[in-house]
Amino acid sequence: MGRIGEWLKKAEHLARSHSKQADQLLDRAQQMAKERTGHKYDEKIEKGADAVQRRYGGGETPPGARPGTRTGQEPPRERREPPPA
């Protein structure tokens, strides 16, 4: 296994053993990516974040959180696209 493969394996192990912190980090990265892309790729970013969480077993909804949210935060509002000209 190459050096990158070893790093990825170590990162996955750390995420599995500290899933709460990994979830928080992933949520921040997801929000930053959405803001940097002007919310143009929100669905793709969410899909990627969900795939990462499935990989390390994170993303469980904490007790008392609303269904559909991982951290108990309000879900983002839908963006309306302007009609074609």
[atom1]/[X] to [atom2]/[Y] distance, rounded to the nearest 0.5 angstrom?
{"X": "T37", "Y": "M32", "atom1": "OG1", "atom2": "CE", "result": "12.0 Å"}
{"X": "Q53", "Y": "E46", "atom1": "CD", "atom2": "CD", "result": "10.5 Å"}
{"X": "K34", "Y": "Q31", "atom1": "NZ", "atom2": "CD", "result": "6.0 Å"}

Which hydrophobic side chains are connected to Y41, either touching it within the sub-4.5 Å cutoff or through other members that do? I45
In the structure I gave you, are the side-chain heavy atoms of D23 and K20 within less than 4.5 Å of one another anywhere?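 No, too far: nothing below the 4.5 Å cut-off.
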Might you confirm whether atom CD of E6 has over 12 heavy atoms from other residues, nucleotides or ligands at distances under 6.0 Å? yes
Is any side-chain N of the basic residue among R16 and E12 closer than 4.0 Å to the acidic one's carboxylate O? yes
Considering all heavy atoms of both residues, which atom of S19 and which atom of G58 are nearest to each other, and what is their separation?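 The answer is CB-CA, 4.4 Å.
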